[in-house]
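I have placed the structure first, in the form of structure tokens, so that the comments after it can refer back to it.
Every number for a ligand or one of its atoms is a count from 1 in the order of the listing.
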Amino acid sequence: MKRDYAVIGLGRFGGSICKELSAEGRQVLAIDLDEDRINEFKNIASHAVIADSTDEATLKELGIKNIDHVIVAIGDNIQASILTTVVLTDLGLSKITVKAQNDYHEKILKRIGADQVVHPERDMGKRIAHNIISNNILDYLELSDDHSIVEVKAGRKMGGNSLAKLDIRANYGCNIVAIKREKDINVSPAAEEVLNEEDILIVIGADKDISRFEKHLVID
Ligand code: ATP
């Protein structure tokens, strides 16, 4: 049987991925060393198996090669996380997402062939920090080292003005890609769209440009 996903390591992060994928109706093979964790996921994942993921023969037996996407969510044991990633790349798996504990771990994972490295604590920390700095920054998503998407409240400086009048792209170099107004979302809004104070703007751009935009047009 072809399974869609495998989640290795069922801590808070891996466990949450496993639950969400299963809730979306995906086939998930859940793997963990710990019997209690496996018992917890027996009725959630399609298959839950006690196994050591650093052991290539075991992973082969479990049919890992038929899995489309493997998520390695072993946190604290960096050695096990690295070894598991090496085994998976050696087996020729192409889609491997690995959770990194720190920047050094991330660097190694990328070098040994993990095609996606996630750093949930760091990324969530950044998002919350941006939210704390400004009450009007509602959410923040890093796109690269120097580009992001932010959600900001239009507020009184922008409210009542059209996008054409504000001319955010020309003045600040960033783009309003969507406007959320109550339950509606207006993607690629027209230039003549007039903003309400309560509108939520989704802004994309270089960090330095977003920062200028925030300083001038977004008020706490
Ligand atoms: P989180 O930060 O997601 O909350 P956690 O602290 O709860 O993680 P960790 O200790 O980081 O959990 O490990 C996640 C899981 O990975 C644990 O349940 C652990 O048993 C499992 N694990 C560790 N090493 C291996 C391994 N070699 N093979 C399979 N599972 C492993």
Side-chain angles (χ1 to χ4, degrees), residues 1-132 139-145 148:
M1 180 179 60
K2 186 160 171 69
R3 300 184 192 97
D4 286 337
Y5 299 93
V7 178
I8 300 175
L10 303 167
R12 283 165 299 179
F13 178 69
S16 152
I17 290 187
C18 183
K19 282 179 187 157
E20 287 301 313
L21 290 172
S22 305
E24 291 288 323
R26 305 306 170 106
Q27 296 278 312
V28 183
L29 167 65
I31 298 172
D32 202 294
L33 274 178
D34 187 274
E35 189 177 354
D36 291 341
R37 293 261 159 101
I38 289 301
N39 284 335
E40 197 188 320
F41 283 86
K42 239 177 11 205
N43 298 323
I44 297 168
S46 335
H47 300 265
V49 185
I50 303 169
D52 180 351
S53 59
T54 61
D55 185 44
E56 183 169 341
T58 307
L59 287 189
K60 263 189 182 163
E61 262 171 46
L62 290 171
I64 203 93
K65 278 176 133 179
N66 297 323
I67 302 272
D68 300 316
H69 191 160
V70 183
I71 297 102
V72 183
I74 299 170
D76 291 342
N77 191 342
I78 291 181
Q79 187 174 320
S81 156
I82 291 170
L83 278 174
T84 301
T85 309
V86 169
V87 169
L88 293 169
T89 48
D90 278 355
L91 288 172
L93 278 129
S94 58
K95 197 94 185 76
I96 310 167
T97 298
V98 192
K99 176 189 161 178
Q101 284 297 84
N102 53 50
D103 292 342
Y104 183 60
H105 186 195
E106 178 169 358
K107 218 174 183 174
I108 294 172
L109 291 170
K110 283 188 175 152
R111 206 161 280 178
I112 60 178
D115 65 309
Q116 187 185 22
V117 179
V118 292
H119 214 139
E121 289 91 352
R122 183 194 62 190
D123 295 347
M124 189 48 81
K126 282 188 184 178
R127 289 171 83 166
I128 293 175
H130 278 80
N131 184 245
I132 290 168
D139 206 353
Y140 162 90
L141 184 68
E142 188 178 75
L143 294 176
S144 70
D145 283 348
S148 313

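- Annotation: side chain of E56 is in contact with side chain of L91 (closest heavy-atom distance under 4.5 Å).
- By the 3.5 Å distance cut-off applied to N or O atoms, D76 is counted among the residues near ligand 1.
- For the pair K99 and ligand 1, a heavy-atom separation below 4.0 Å is found.
- Taking any N or O of G75, backbone or side chain, at least one lies under 3.5 Å from an N or O belonging to ligand 1.
- The single protein non-hydrogen atom nearest to atom 16 (O) of ligand 1 is G9 CA, 3.3 Å, given as residue, atom name and distance.
- Near A73, with a cut-off below 4.0 Å to any heavy atom, the atoms of ligand 1 are 14 (C).
- K99 approaches S81 most closely through the heavy-atom pair O-OG, 4.3 Å.
- Residues passing the ring pair (Phe, Tyr, Trp, His ring centres under 6.0 Å) test with F13, sequence neighbours excluded: none.
- Contacts of S16 classified as side-chain hydrogen bond (donor to acceptor under 3.5 Å, both in side chains), with partners at least two apart in sequence or in another chain: none.
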For K95 and D68, what are the C-alpha separation, side-chain angles and deciding distance, and is it a salt bridge (Lys or Arg N to Asp or Glu O under 4.0 Å)?
-> CA-CA 7 Å; K95 197 94 185 76; D68 300 316; over 6 Å; no

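- Contact annotation for R12 and ligand 1: heavy atoms of both the backbone and the side chain come within less than 4.0 Å of the ligand.
- L21 places a side-chain heavy atom less than 4.5 Å from the side chain of I71.
- Taking a cut-off of under 4.0 Å to the non-hydrogen atoms of A51, the atoms of ligand 1 that pass are 28 (N), 29 (C).
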